[in-house]
Amino acid sequence: SVQWPVDGVPDNPRAWLVTVAGRRLVDQARSDISRRHREETVAAMAPVDDLVAPAPDDDPRSAERDDTLTLLMLCCHPSLSPPTQAALTLRAVGGLTTAEIARAYFVPEATMAQRISRAKQTIKRAGSRFELPGEPELSDRLRVVLHVLYLIFNEGYTVSSGTVLARADLTHEAIRLTRAVHALRPDDGEVAGLLALMVLTEARRPARTGPEGELVPLTEQDRARWDAEGIRAGLELVAATLPHGPVGPYQVQAAIAAVHAEAPRSADTDWPQILSLYDLLSVLAPNPMVTLNRVVAVAMVHGPRAGLELLASLDTDPQLAGHHRIDAVRAHLLDMAGDRGAARAAYLMAARKTTSVPEQRYLFARAARLTST
């Protein structure tokens with residue numbers, strides 16, 4: 001059970017609970033990692049179906065009859081490699097173009113087209129039936145399914161190319177499918193964590209664009225425009241999920257989103273807590289994008305120069321070579337450090353590399369602002 005602080009009930013019990021849960025998550029994960037090779041942690045999660053209510057037309061009791069979910073599971077056929085499973089699902093279920101999927105995996109478009117074509121032929125030769133698999137095959141496919149839904153949501157939240165910043169159809173579909181998976185596996189902490197992450201992130205979408213459709217970064221968003229109901233539902237889901245194990249990457253990311261959501265102003269953000277969670281995420285799911293996000297947290301806690309020093313380690317990473325986000329983060333940190341000339345050059349470099357028109361306009365505007373000052 002959770003005990004209140006010795007000085008009485010906190011002013012904001014929900015915020016306090018999320019903070020405590022996040023810290024418990026870090027402590028528990030460290031313990032889990034140290035004993036991972038000698039025992040398995042048995043988790044007992046309380047059902048949380050009532051915390052994130054399904055859409056009126058999405059009865060979780062009909063999840064097994066959802067043709068889209070069945071197609072999603074079919075695309076994650078065991079005869080395919082995990083990257084191929086994800087690529088095929090993004091194409092067949094998510095509706096992403098081959099070019100969009102290639103950018104998500106940092107591979108040439110022609111390579112991704114061949115991968116998807118071979119995947120279709122493999123499933124056809126396997127003679128698979130259009131039905132949900134039973135256990136234990138369902139559990140085996142679940143991890144890939146979650147990764148695919150995560151990629152679909154990310155592509156919808158920040159479109160990798162084109163004239164629009166976001167595609168609500170993709171984010172809504174990703175949430176709908178994740179909710180359906182959660183109805184099938186209500187005791188899985190990572191399913192609940194992914195759902196909470198999506199709900200909290202989507203709740204910020206109304207404030208991500210200005211009157212002309214321009215990009216508004218998180219630190220400058222009018223938080224009164226966030227979807228209060230979505231924030232509430234996401235925070236309650238996080239608070240119900242975090243105290244239980246085992247710990248997974250989606251639960252950690254949901255905890256990070258919860259810390260941002262609890263801050264009434266950008267200046268109130270608990271960056272040390274976020275950095276601690278990114279440290280944990282770097283152990284559970286190390287990859288260049290996690291490191292890039294951790295760079296920002298390091299800069300907010302220890303100063304921009306510390307962030308720039310860490311960022312330099314990514315310059316030679318082949319997966320991020322030529323990616324505009326490295327230059328965009330470098331520009332932001334140089335701007336924080338007061339090096340306006342170098343920041344302007346980095347913003348311009350990032351603007352030239354991105355294929356997203358809204359992001360390009362934002363980056364050019366940042367460079368122009370530094371020029372004018």
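- Looking at heavy atoms from C-beta onward, Arg91 lies in side-chain contact with Ile101 at the 4.5 angstrom threshold.
- When all heavy atoms of Val145 and Cys76 are compared, the closest pair comes out as CG2-SG, 3.6 Å.
- More than 12 heavy atoms of other residues, nucleotides or ligands shown are found within 6.0 angstrom of CD on Gln360.
- Inspection of the Thr84 and Ser81 side chains reveals an N or O donor paired with an N or O acceptor under 3.5 Å.
- When side chains are defined from C-beta on, Phe153 counts as touching Ile175, because their heavy atoms get closer than 4.5 Å.
- A salt bridge links Arg294 to Asp279: one of the charged nitrogens lies within less than 4.0 Å of a carboxylate oxygen.
- For the pair Pro288 and Leu320, the tightest heavy-atom approach, listed with the atom from each and the gap, is CB-CD1, 3.3 Å.
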- Message: Run Tyr347 and Phe364 through ring pair (Phe, Tyr, Trp, His ring centres under 6.0 Å) and show every step you take.
- Response: CA-CA 7 Å; Tyr347 275 129; Phe364 274 132; over 10 Å; no
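- Within 6.0 Å of CE in Met336 there are more than 12 heavy atoms belonging to other residues, nucleotides or ligands.
- Put simply, OG1 on Thr354 and CE on Met349 are 14.0 Å apart, with the number rounded to the nearest 0.5 Å.
- Between the side chains of Thr158 and Arg208, at least one donor-acceptor pair of N or O atoms lies under 3.5 Å.
- Side chain of Thr111 to backbone of Val107: no donor-acceptor contact under 3.5 angstrom is found.
- Between Asp315 and Arg330 there is a salt bridge, since at least one side-chain N of the basic residue sits less than 4.0 Å from a carboxylate O of the acidic one.
- Within 6.0 Å of atom CD in Glu131, more than 12 heavy atoms from other residues, nucleotides or ligands are found, so the atom counts as buried in its surroundings.
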- Message: Checking Asp335 against Arg340 for the salt bridge (charged side-chain N to carboxylate O under 4.0 Å, His left out) test, could you report, in this order, the C-alpha distance in whole Å, the side-chain angles of both residues, the deciding distance, and whether it holds?
- Response: CA-CA 6 Å; Asp335 195 0; Arg340 294 180 175 176; 5.2 Å; no
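- With rounding to the nearest 0.5 angstrom, the OG atom of Ser276 is 11.5 Å from the CG atom of Leu281.
- For residues 262-313, the pairs satisfying ring pair (Phe, Tyr, Trp, His ring centres under 6.0 Å) are His260-Trp271, with sequence neighbours left out.
- Between atom CZ of residue Arg369 and atom CZ of residue Arg344 there is a gap of 12.5 Å, rounded to the nearest 0.5 Å.
- Scanning for ring-ring contact (aromatic ring centres under 6.0 Å, His included) contacts around Tyr362 gives an empty result, with sequence neighbours left out.
- Salt bridge Arg232/Glu236: present, at least one basic N to carboxylate O contact under 4.0 Å.
- Glu173 has its side chain out of reach of Ile152: every pair of non-hydrogen atoms, C-beta onward, lies at least 4.5 Å apart.
- Using a 4.0 Å cut-off between a side-chain N of Lys or Arg and a carboxylate O of Asp or Glu, Arg265 and Asp268 qualify as a salt bridge.
- Taken to the nearest 0.5 Å, the CG atom of Leu215 stands 5.5 Å off from the CG atom of Leu165.
- A heavy-atom distance below 4.5 Å is found between the side chains of Ser313 and Leu310.
- Interatomic distance, Leu96 CG to Thr89 OG1, rounded to the nearest 0.5 Å: 11.5 Å.
- Rounding to the nearest 0.5 Å gives a distance of 11.5 Å between OG1 of Thr98 and CZ of Arg115.
- Judged purely by atom type and a 3.5 angstrom limit, Glu220 has no side-chain atom pairing as donor or acceptor with the backbone of Pro217.
- A donor-acceptor contact under 3.5 angstrom links the side chains of Glu359 and His324, judged on distance only.
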- Item | Test salt bridge (charged side-chain N to carboxylate O under 4.0 Å, His left out) applied to Asp169 and Arg176, step by step | CA-CA 10 Å; Asp169 58 329; Arg176 187 184 73 84; over 6 Å; no
